[in-house]
Amino acid sequence: MMYRILSILFIGASLFWLFNFAKKNNFSIMEMINSFFNSLNLLFADIKNFKNYKYSEKLNFAKKLFYLVTLLLFLIMTISSMIPSVLFGDSLSGIFLLIHVTAAPIFALFLAVSAILYSHSFQFNKNDFSNLPTETSTKFSIIFNQNGKSKLVYWLFVLFSIPLMISTILNMFPLFGTDGQLFLLEIHRYSALILIILVIFHSGLISAMDKSRS
Amino acid sequence: MIIKNIGIKVYSALLLFLFTNSLIFSQDYKVGDVSDGSRLHPVHLLNLKDENGNIIDPNDEFALPFSTKNTCGNECHNYEKISNGFHFNFHDSTLISKTKSEPWIYTDPTTLSVIPISYRKNEGSFTPDELKLSTIQFLFRFGPYYAGGDISELDSLENKEDFLRWMVSGKLETNCLICHDADPFYDQAEYASNIRKQNFKWAAAASSSFTEFKGNASKMPDNYDIYNLTTVQSIDQRSSVPPKLTYNKSKFNSENKVYFNLSKKIPNDNCYYCHSSIIANENIHSNWKNEEDVHLKAGLNCVDCHRNGIDHNMIKGIDDNVIKESHSFTCEGCHTKNNESEIPTNGNLGAPIPEHLGIPPIHFERLSCTTCHSGNWPTKETNFVKISRAHFLGMHGTNKADNVFPHIQTGIFTESQKGKIEPQNLIWPSFWGFKDSLGAANPLPIKFVEENIRPILGLDSLFNFGDWPVVSDSLIISVLQTLDSLKITEGKPVFITGGKIFEVENNILTSEEEIYSNGYGWRTSHNVRPANQALGVNGCQDCHSIGSPFFAKNVNIESSVLSTGVNSISASTFQNNNEIYQSFFSLTFFFRPWLKFIIIISALILTVVIIGYFFKGIRSISSGIETLKNGDFKN
């Protein structure tokens with residue numbers, strides 16, 4: 001019950017932030033969703049040209065593919081888990097469980113490959129902070145600019161995906177009793193909740209950056 | 001003045017008399033109902049008292065049977081309170097239960113009838129009143145497993161037409177001995193046969209170890225009088241002996257007291273008389289191959305868990321709204337950790353608390369404990385089970401065949417009314433009835449069916465014994481049309497069998513599914529297997545494999561209509577599950593090792609990435625601080 005309440009509160013608050021953020025940055029939620037699916041469509045339509053690409057283009061294509069498919073799988077897993085657990089207050093079972101466990105290993109694999117492909121470019125640098133010390137002011141506090149925030153979200157996502165995976169994998173081995181299993185399930189659920197919130201932030205920040213670029 | 005004093009004394013004496021009497025009768029607890037704290041079991045050396053409260057003299061030629069009400073009750077135990085207990089309080093309308101439980105099963109292959117009966121109006125069953133079954137008729141069929149009291153004792157429940165029969169048979173009082181008599185010579189089968197002979201008031205005494213009894217009250221005339229032999233002159237006494245009870249004088253002491261070997265801790269065998277069950281497989285006649293419940297083997301008695309107070313409201317092993325302590329005596333109450341209270345209540349009687357390593361918690365939400373731990377290991381085909389109350393086990397002359405009617409299928413994993421899957425026994429009700437204005441099927445009176453439908457069907461109960469009889473559509477049509485022409489009810493005549501309701505429309509037999517589309521099932525809890533034989537001990541594939549009996553067991557539909565043929569349905573139907581979905585889900589277990597491998601590798605990669613870039617970041621920060629120290633603010 002607590003998880004349901006917290007999920008509704010935090011996801012609600014994140015969505016509220018997203019709506020306001022979108023308004024402030026002149027883009028709409030629908031635009032954001034359309035842009036995601038358009039990118040996916042374009043990417044899949046472009047697969048046939050993959051052979052003709054240069055090495056760097058192939059790498060870019062792969063990065064984009066892994067990123068978009070990971071997000072898509074995350075969306076599928078979020079829907080398949082949140083509908084029964086948050087909306088109906090039930091345990092994950094039936095067709096939702098089937099979808100969830102089918103998408104899970106692919107998501108894990110794509111996320112791991114995405115982490116290898118993207119981590120280098122998501123390293124923090126001085127351009128990610130808005131108030132670095134200068135000759136006139138040596139005062140320093142970590143204030144990220146939009147680029148920095150987006151990188152922070154990325155690293156938090158990678159970080160919290162580890163307990164998400166470990167908790168579910170430990171559940172599958174005869175190592176923990178009922179209390180332990182319930183504890184692991186809680187870790188899995190709350191890690192997932194954090195990831196959902198991070199993805200909402202990520203979507204907003206990326207869309208804002210796209211908008212400002214265009 | 002003298003008259004006035006006498007008046008006051010008489011008045012005071014009268015008040016005192018009334019007051020003390022009302023005190024005695026309003027007592028909830030009699031002297032024997034309250035313990036002085038000693039755990040010693042009191043010796044029951046008692047004077048026997050007859051139905052009139054007189055002490056019985058064993059030398060009396062016309063000795064009456066002792067009355068449990070007056071011998072056990074009256075001064076020592078609160079008979080009225082006990083008689084309202086779970087095993088006796090059938091007519092109590094406040095105890096109407098929607099929860100399906102083991103019914104009394106009326107079975108008659110010659111009328112194609114299998115009807116679940118329950119005084120407590122369990123959903124899907126019918127009360128004797130609905131079948132126009134009088135108490136005497138009910139007792140004739142099911143009385144051998146009825147412990148007396150209540151319906152067999154209350155005048156208000158008697159059928160007026162049976163008044164004289166009740167005068168002959170006497171009341172069937174609550175029989176304390178059927179449970180509490182630990183004497184190895186106490187004979188439940190003798191009690192049963194006496195109930196069948198309407199020897200109600202003699203039944204308890206006749207089954208005890210210090211009496212000898214002969215007679216058959218059901219053969220006696222309505223004006224039968226034990227003291228007036230002229231009333232039995234017209235009876236052929238070579239075949240119908242008037243009831244006669246003789247007490248074994250050597251068992252009585254000089255004060256005409258007799259020792260009862262009574263036990264507060266009911267011996268298991270006494271419970272087994274009514275609550276035996278045996279799987280009707282190849283081991284049925286080889287008792288040495290049949291296992292007993294693991295709790296009994298651990299040294300527990302049935303009543304260690306199924307406890308009761310003086311009100312005899314038994315704890316049934318489930319959470320009960322009436323008995324607040326009942327949870328402590330459920331499976332969970334003993335075998336799971338109690339996280340709610342500081343005072344530990346788990347582990348009762350040394351119950352082990354299982355870890356359930358690696359079992360996902362959803363199993364505890366969706367399954368009852370008995371699903372994995374109770375009954376026989378599931379097989380692809382269902383087994384029949386024989387149970388005391390339906391198959392008259394333990395009685396003299398019981399049919400010992402393994403396929404005797406009613407056919408009760410066991411080990412059907414079914415979603416209960418509370419939404420948990422549990423093993424259940426299952427019957428397919430079959431009866432003649434009529435459809436009321438709401439479309440519900442109500443059975444016709446049993447007597448009517450026996451008198452009017454049995455001759456039309458012309459079925460021989462011995463022919464093809466063991467196979468439930470099936471009849472042609474034309475015969476069913478003929479019976480239904482006859483019923484229609486008799487106009488005995490306002491509703492349309494119907495026949496319910498195999499989960500369908502049949503009726504005649506334009507001379508054609510039509511059918512539709514109805515309330516019994518999944519038969520009538522009730523939960524079973526015993527025998528509990530050892531933990532090493534619980535489902536899941538071999539891994540998930542015990543249930544989650546393609547075609548596993550848990551989800552894909554074939555449950556036979558027993559129908560009396562020839563055209564429906566031999567049908568079976570999947571066990572998934574009883575679980576509100578879809579077998580195709582379960583097969584798909586089982587298929588995922590084939591890939592489970594891959595799933596584990598991929599997720600472990602992915603988690604490792606992510607950990608390496610995080611750790612690697614974390615240290616890289618630390619190095620960058622430290623070099624950045626170094627740069628700042630050197631006053632280089634541009635880089």
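This is a predicted model, so every value here is computed, not measured. Every chain is numbered from 1, with letters handed out A, B, ... down the list of sequences.
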> Does any non-hydrogen side-chain atom of A/H120 lie less than 4.5 Å from one of B/K616?
Replying inline: yes

>> For the CH2 atom of A/W155 and the CZ atom of B/F614, what is their distance to the nearest 0.5 Å?
In response: 11.5 Å

> What residue in A/L92, A/L97, A/L185 has the most heavy-atom pairs under 4.5 Å with chain B?
Replying inline: A/L97

> Looking only at heavy atoms, which two atoms of A/A108 and B/I599 are closest? And how far apart?
Replying inline: CB-CG1, 4.1 Å

> Looking at A/S119, A/S93, A/S161, which one has more heavy-atom pairs under 4.5 Å with chain B than the rest?
Replying inline: A/S119

>> Just so I understand: if I count every heavy-atom pair under 4.5 Å between each of A/A104, A/G180, A/G177 and chain B, which residue has the most?
In response: A/G177

> Quick one: CD1 on B/I598 to CD1 on A/I106, what's the gap to the nearest 0.5 Å?
Replying inline: 8.0 Å

>> Would you say that more than 12 heavy atoms from the other residues, nucleotides or ligands in this model lie under 6.0 Å from the NZ of A/K64, or not?
In response: no

> Out of A/I169, A/T168, A/D90, which one racks up the most heavy-atom pairs below 4.5 Å with chain B?
Replying inline: A/I169

> What is the distance from atom OH of B/Y613 to atom CG of A/L159, rounded to the nearest 0.5 Å?
Replying inline: 15.5 Å

> Does NZ in B/K380 sit with more than 12 non-hydrogen atoms of other residues, nucleotides or ligands closer than 6.0 Å?
Replying inline: yes

> Just how far is it from atom CD1 of A/I162 to atom CD1 of B/I605, taken to the nearest 0.5 Å?
Replying inline: 11.0 Å

> Looking only at heavy atoms, what is the nearest atom pair of A/A115 and B/V609, with distance?
Replying inline: O-CG1, 4.2 Å

> Can you say whether B/R366 sits under 4.5 Å from chain A via the side chain, the backbone, both, or neither, judging by heavy atoms?
Replying inline: neither

>> Other residues, nucleotides and ligands only: do more than 12 of their heavy atoms fall within 6.0 Å of CD1 on B/I580?
In response: no

>> When you measure from the side chain of B/Y581 to the backbone of A/G94, do you find a donor-acceptor pair of N or O atoms at a distance under 3.5 Å?
In response: yes

>> More than 12 heavy atoms of other residues, nucleotides or ligands under 6.0 Å from CZ of A/F10: yes or no?
In response: no

>> Could you check whether atom NZ of A/K58 has more than 12 heavy atoms from other residues, nucleotides or ligands sitting under 6.0 Å from it?
In response: yes

> Is the shortest heavy-atom distance from the side chain of B/L595 to the side chain of A/M172 under 4.5 Å?
Replying inline: yes

>> What part of A/Q181 gets within 4.5 angstrom of chain B, counting heavy atoms only: side chain, backbone, both, or neither?
In response: both

>> Nearest 0.5 Å, please: how far is CG in B/L357 from CZ in A/F173?
In response: 13.5 Å

>> Take a 6.0 Å sphere around CZ of B/F590 and say whether it holds more than 12 heavy atoms from other residues, nucleotides or ligands.
In response: no

>> At a heavy-atom distance under 4.5 Å, which candidate from B/I359, B/T607, B/L606, B/L604 has the highest pair count against chain A?
In response: B/L606

> Quick one: CD on B/E355 to CG on A/L175, what's the gap to the nearest 0.5 Å?
Replying inline: 11.5 Å

> Is chain A contacted by the side chain of B/F364, its backbone, both, or neither, given a heavy-atom distance below 4.5 Å?
Replying inline: side chain

